[in-house]
Amino acid sequence: MDWVKEDLKYIWHPCSQMKDYETLPPIVIDRGEGINLYDINGKCYKDVISSWWCNLLGHCNPRISKALQKQAETLEHVIFANFSHKPVISLCSRLAKILPQGLCKFNFADNGSSSIEMALKMSFQYHYQTGNTQKKRFMALSDGYHGETIGALSVGALDLYAEIYKPILLDVNRIQAPDCYRCPYGKTRDNCCCECIDYAEKMFEKYGDETAALIIEPLLQGSAGMRIYPPLYIKKLRELCNKYNVHLIADEIATGYGRTGKMFACNWAEVSPDIMCLSKGLTGGYMPMAVCITTQEIYDAFYDDYLKGKAFMHSHTYSGNPLACACANAVLDIFEEDKILDTLPDRNKLFNKIVKEKFLAHKNVGEVRSIGFINAIELVNDKNTKQPFDSKLRTGYQIYKKALDKGLILRPLGDVLYFNPPLIIKEEDMHYVVDVAYKSLVEILGE
Ligand SMILES: *Cc1c(COP(=O)(O)O)cnc(C)c1O
């Protein structure tokens, strides 16, 4: 069978201009192991983007695979209204112990975007049922990303994904997000006091009373180009939310599970959100599952006699899928057994050093920024003025193709190259992938 030809005959790939596949056909992957993926011709690719940021502990991790297999032989799925099962109960009781304080009620979905929809509906309904019917608006940060369904897309702010749909999206108040590389206050990461909270303060003054929730990606705006902002900013947002009775929704779909060097990005700010969404790392990248977690206080506003009509009438067929929960439990087992979080500080630092040493001096590297294992390299046309490349040149995409030739999956965000490898990456691979990425860059932009 000509697998590539058959693929193109039937499949519409996500987030792709399919015409690009004429020059860059799909790579048909046969198997995976650790950070390596092997295509049907046996070529190896280093997956330093964790297959869209979800693969947490390596491909075909033996311990997760085994847990999944065992569960598949026991119970594959069961309706989750009125029924339950051990894997999901264990998972929630374990997560409740490690989540930011107060988060204790778990509502399951099967993808990140759906958990965002849940969070928005839950917040609106809470206010409605506690006498604040005027709270029907949402706030979000500029350049945020929260998924692709209509509600999630509405609170997101990236024109690349949302522009065409604007006529059918919710009207959301957008706070200008911190941009620490191009700070509007002329500050640097070292001397910043989050002066840019000003934008949020003004927005809360104007719309706080009619706003149900503010949604953020804590510390790291992933799809915006791995933009990193300080924990202090979240603390200040938390204060504003308290002052105006606005929920803080933390979208930790990308940042949860050690990606920022701590279990959750909110831990850096020592802030508890009212609602948190988790997905990507949750099952180690094995099964599609997401969870929207909230507080006793929010939960209680829905708890009443049936005929009062206060229940949260939101469901997904695959809510709380046992196979996914078995994987999620195996991930927590590995975190405990291998003390993954304890290994991160030193290894995160080492990887950042390797990336910086290689890239920082290059004439087109504007900034190397990092949090956890995530290291982003922002390419610019002019280092002094920070002027970007003309996006029509598709510089990042050219580098991506060079890297693919060499067996490295980079998939840049515009002209931001980044690494977001599985947490189990070994030192020799750190050097190798950074070398290959740099060679690919040099082939496009010169020394
Ligand atoms: C990936 C992502 C989502 C959407 O999750 P899906 O499972 O792709 O729907 C939402 N928010 C953030 C921050 C993400 O990175």
Side-chain angles (χ1 to χ4, degrees), residues 13-16 49-56 107-123 138-158 160-162 165 169-170 172 174 177-178 213-229 234 237 248-260 264-266 268 273 275-293 314 316-319 321 324 327-328 371-374 376 411-414 416 418-422:
H13 287 274
C15 208
S16 299
I49 57 160
S50 296
S51 283
W52 260 346
W53 318 349
C54 64
N55 187 284
L56 196 66
N107 210 316
F108 283 85
D110 44 23
N111 65 79
S113 306
S114 299
S115 70
I116 298 292
E117 301 288 332
M118 241 179 207
L120 300 175
K121 287 171 68 181
M122 193 183 277
S123 173
F138 296 102
M139 287 186 200
L141 298 186
S142 64
D143 300 296
Y145 179 85
H146 301 288
E148 303 290 347
T149 52
I150 302 281
L153 205 55
S154 299
V155 288
L158 296 174
L160 176 64
Y161 310 112
Y165 306 108
L169 298 183
L170 299 173
V172 167
R174 244 173 271 296
L214 161 67
I215 183 166
I216 60 167
E217 292 163 272
L219 292 194
L220 173 81
Q221 291 193 292
S223 302
M226 297 296 179
R227 285 206 200 168
I228 299 163
Y229 62 84
I234 301 179
L237 288 179
L248 180 64
I249 302 174
D251 174 353
E252 292 241 18
I253 292 168
T255 51
Y257 278 81
R259 289 294 188 189
T260 67
F264 304 105
C266 284
W268 287 104
I275 303 175
M276 183 189 275
C277 297
L278 295 175
S279 182
K280 291 189 164 97
L282 180 62
T283 67
Y286 265 67
M287 299 287 293
M289 183 164 78
V291 60
C292 173
I293 312 153
H314 183 118
H316 293 289
T317 310
Y318 284 98
S319 283
N321 176 261
C327 294
I371 186 163
F373 270 128
I374 297 170
R411 213 178 156 89
L413 296 154
V416 177
Y418 70 86
F419 301 94
N420 185 5

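For ligands, and for the atoms within them, numbers begin at 1 and follow the listed sequence. Values below: every heavy atom of this structure, side chains too, minus hydrogens, waters and symmetry copies.
- When only non-hydrogen protein atoms are considered, atom 8 (O) of ligand 1 lies nearest to Ser113 OG, 4.5 Å.
- Annotation: the span from Leu278 atom CG to Asp251 atom CG amounts to 9.0 Å, rounded to 0.5 Å.
- With no hydrogens or angles considered, no side-chain donor-acceptor pair links Ser114 and Glu117 at under 3.5 Å.
- In summary, the atoms of ligand 1 found under 4.0 Å from a heavy atom of Lys280, numbered by their order in the structure, are 1 (C), 2 (C), 3 (C), 14 (C), 15 (O).
- Residue contacts with ligand 1, taken as heavy atom pairs separated by less than 4.0 Å, involve Asn111 via backbone and side-chain atoms alike.
- A ring-centre distance under 6.0 Å is found for Tyr145 and Tyr161.
- For a threshold of 3.5 Å applied to N or O pairs, the pair formed by Trp53 and ligand 1 contains no separation below that value.
- Near Ala254, the atoms of ligand 1 lying under 4.0 angstrom from a non-hydrogen atom of the residue are 15 (O).
- Here is the list of ligand 1 atoms found below 4.0 Å of a heavy atom in Asp251: 10 (C), 11 (N), 12 (C), 13 (C).
- Between Met122 and Asn107, the shortest heavy-atom distance links the atoms CE-ND2, 4.0 Å.
- The contact set between ligand 1 and Gly147, taken as ligand atoms under 4.0 Å from a residue heavy atom, comprises 4 (C), 10 (C).
- Residue Trp52 does not touch ligand 1, judged by heavy-atom distances below 4.0 Å.
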The test is side chain to side chain contact (heavy atoms under 4.5 Å, CB included); show your working for Glu252 and Tyr257 and say whether it passes.
CA-CA 9 Å; Glu252 292 241 18; Tyr257 278 81; over 6 Å; no

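- Here the straight-line distance linking atom OH of Tyr229 with atom CG of Leu220 works out to 8.5 Å at 0.5 Å rounding.
- Per-residue contacts place Gly112 under 4.0 angstrom from the following atoms of ligand 1 (heavy atoms of the residue considered): 5 (O), 6 (P), 7 (O), 9 (O).
- Considering CD1 of Ile228 and OG1 of Thr255, their distance stands at 11.5 Å, rounded to 0.5 Å.
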Verdict with supporting geometry, Met289 and Tyr318, side chain to side chain contact (heavy atoms under 4.5 Å, CB included):
CA-CA 8 Å; Met289 183 164 78; Tyr318 284 98; over 6 Å; no

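- Atom numbering of ligand 1 starts at 1 in the shown order; those under 4.0 Å from a heavy atom of Glu217 are 13 (C).
- When non-hydrogen atoms are compared, ligand 1 lies under 4.0 Å from neither the backbone nor the side chain of Glu148.
- Distances below 4.0 Å separate heavy atoms of His146 from the following atoms of ligand 1: 10 (C), 11 (N).
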